[in-house]
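Report on one structure; see the data block that follows.
What you see below is based on every heavy atom in this structure, not just the backbone, and it leaves out hydrogens, waters and symmetry mates.
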Amino acid sequence: MDISQTAIADRRREANPISRFLASMRDGRGFDILLVAVPLAFLIALSGLPLVYNVVMSFQQVDMFSLGTFWRPWVGFDNYVAVFSQPETWPILRNTVVFVVASIAGQFLIGFALALFFTMDFPGAGYIRGLFLVSWVMPGLVVGAIFNWILAGDFGVLNYVLKSIGLISENIFWRSDIAFSLWAVIIANVWLGTAFNMILLAVGLASIPKDLYEAAALDGANAWQRFWTITLPMMRATIGAVVSLGLIFTLQQFDLFASITSGGPNNSSNVAQYWAWELSFRQYDFARGATISTVMILVVMIAATIYVRSTRHEVRG
Amino acid sequence: MSNEAQIELVGVDKHYGQFHALKDISLTIEKGAFVALVGPSGCGKSTLLRSLAGLESITGGTMKIAGEVMNGVPPRKRDVAMVFQSYALYPHMRVAENLTYSLRLKGTPKDQALKAAEDVARTTGLSQLLGRFPRQLSGGQRQRVAMGRAIIRHPKAFLFDEPLSNLDAALRVHMRKEIRALHDRLGATSVYVTHDQVEAMTMADHVVVMRDGVIEQQGRPLDLYDKPASRFVAGFIGSPAMNFVPATVSEDGQGIVLDLPGASRLSLGRSLEPGRNVSAGLRPEHLTVTQTQEAALRLPVGVVESTGSVTYISSDTDPEITVVVHGRSPLSAGDTMGLSIAPENIHLFDVESDRAI
């Protein structure tokens, strides 16, 4: 077959829509689109639709009889008004804020300190740092169970330590005292999230070129000044990402509440995400559960926006 | 230039575990001198420079800067400035902030620091760029910021760690002159590390050739070229590199001669005991192409490369002999070329010790 014949055959193949489709799958844009389409379909089906369904439900009247249908009575913002006029709403939202801020602060500060500690390359640093990851891979319910023992009022090891070093004179009933119940969960959550913070921050620290520190040292900066003028500004993007992810993970934290305090006593350790579950699956008030979830979606979306922006403005090189 | 010693090293040693990186280095650098440390990679030149900066600690000997012993003094208290190969500019600071960083750490008032930055920017040609971030600068501009950051401090010594190796060839030649001019204008003391002997030869007053952690030879650039102390220095200084030919000293009717492989013979203008095996060093630029019949050496031509102004002719022999000819050459591969060399331009090296004879 000479060249002109090949060209004719090619043109004939191009005219056939099926072979054109197959050709684009083989080496054209079709394959790119396929690669994007599969995860996109997955995300829409398993994340997007439930999310939309949840938002729609927060504007509907939902009871056991209408649970099975999608077309329920539209009630506008009635559910929102109802939720925000409940007496426990504000204390629970306040708890949520305390839980999020204290957890992120604890995880971040301890994680950053550990990350800095492990930049000193002492023998075995790699192994010990690896061990820290154990806390991160453990299921929340297991961590909760362990912390139930640690935090136990009568024989818990935390009380024993605090008493031995003279910080407290009486046992603290961490899980049942309304002044401490929220902090019991915060302590467990800080332990759970520290390793993740440490790893991300360690990666950020490792990407700062060594010669910047050498240049700063020659320019007359001591260790403290090097930290404030080189390390922190260079870590800006990483810190933004870690804190935003921390917010998202902390707002998702459910297992520890379920296993340590169940939101009690008397809602003293209840937070929005646990309350939403309680309303929906304990009290079967799906509309209010969905309402709280929708409010949380808004908060997480703001955090996600900050996260995406902070990773986009990478200051490097 | 005064004769006061600004940097004084006596018997400096540096070990990395089992590895002996610097071996008994003694070196005096006068105030206002421009000293180049040159050698192949791994010779210890960068380690020596970083030890001067305090970024590496030395394991033995004494290191003095401006008369003060600096062993164990942290970098920030040494009052030396360093220009890094990577420039190490602070990426999150604008040019002005990069320049004034050291002043701000010292607590210099803002307006004074800014004025100093403007002065330095003028001398280094950065005035238009003070508001830019390093990532918005070209390689040459970054290089200037790194220099400016060093200049603004008026340090006791400038340390350069291969500062030009990331620039393209044309800019490198230009910056070479600029750095040297800046050094002269500031009356500074500079130590310049490079693996490029051309940089060392053209910029420095004093060249220190290092190899395997020891100083092989030091002196004025042309002294190293004229009287290399060892075969290593002879091969390292000069471009293209010196040719080395195994030879035997012998005597003919008129005097001492050198027997080269291929029954060639060079007359030697000095006395040496006959029968001794040596290595003869012939610089490509000292060899002249002559009529075949009157030439001391007759070699087959291998490769002829011409840049227009200069032609490099390599012989088709082992070891290969390279000749530099100004202008063009009618020779081509397969021809026979005749070479001659003035006796005073023949370098001789001991075969065992590689030292110059």
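- With no hydrogens or angles considered, no side-chain donor-acceptor pair links Thr59(B) and His15(B) at under 3.5 Å.
- Interface remark: Arg78(B) contributes no atoms to any contact with chain A (heavy atom separation under 4.5 Å).
- For the options Arg149(B), Lys77(B), Lys106(B), heavy-atom pairs under 4.5 Å to chain A are most numerous at Arg149(B).
- Proximity to chain A (any heavy atom under 4.5 Å) is restricted, for Leu89(B), to the backbone atoms N, CA, C and O.
- Contact annotation for Leu55(B): only side-chain heavy atoms (C-beta onward) come within less than 4.5 Å of a heavy atom of chain A.
- Using a 4.5 Å cut-off on side-chain heavy atoms (C-beta onward), Asp184(B) and Phe34(B) make no contact.
- Within the cation-pi definition used here (under 6.0 Å to the ring centroid, within 45° of the axis), Arg104(B) does not qualify as a partner of Tyr101(B).
- Of the two parts of Ala81(B), neither the backbone nor the side chain holds a non-hydrogen atom closer than 4.5 Å to a non-hydrogen atom of chain A.
- None of Thr194(B), Val35(B), Ile179(B) except one satisfies the side-chain contact (heavy atoms from CB on, under 4.5 Å) rule with Met203(B); the exception is Ile179(B).
- Listed by first and then second residue, the side-chain hydrogen bond (donor to acceptor under 3.5 Å, both in side chains) pairs involving residues 96-106 of chain A are Ser103(A)-Asn189(A) (not counting sequence neighbours).
- Of the charged side-chain nitrogens involved, at least one lies within less than 4.0 Å of a carboxylate oxygen, so that Glu56(B) and Lys14(B) count as a salt-bridged pair.
- For Arg94(A) and Phe99(A), the positive end is not near the middle of the six-membered ring at less than 6.0 Å and at most 45° from its axis.
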- request: Give the C-alpha distance, both sets of side-chain angles, the deciding distance and a yes or no for salt bridge (charged side-chain N to carboxylate O under 4.0 Å, His left out) between Asp111(B) and Lys115(B).
  value: CA-CA 6 Å; Asp111(B) 49 329; Lys115(B) 198 179 163 302; over 6 Å; no

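- Interface residue Tyr90(B): backbone and side-chain heavy atoms are both found under 4.5 Å from chain A.
- Two rings, from Phe249(A) and Phe196(A), have their centers less than 6.0 Å apart.
- Residues of residues 104-116 of chain A never come within less than 4.5 angstrom of chain B, heavy atom to heavy atom.
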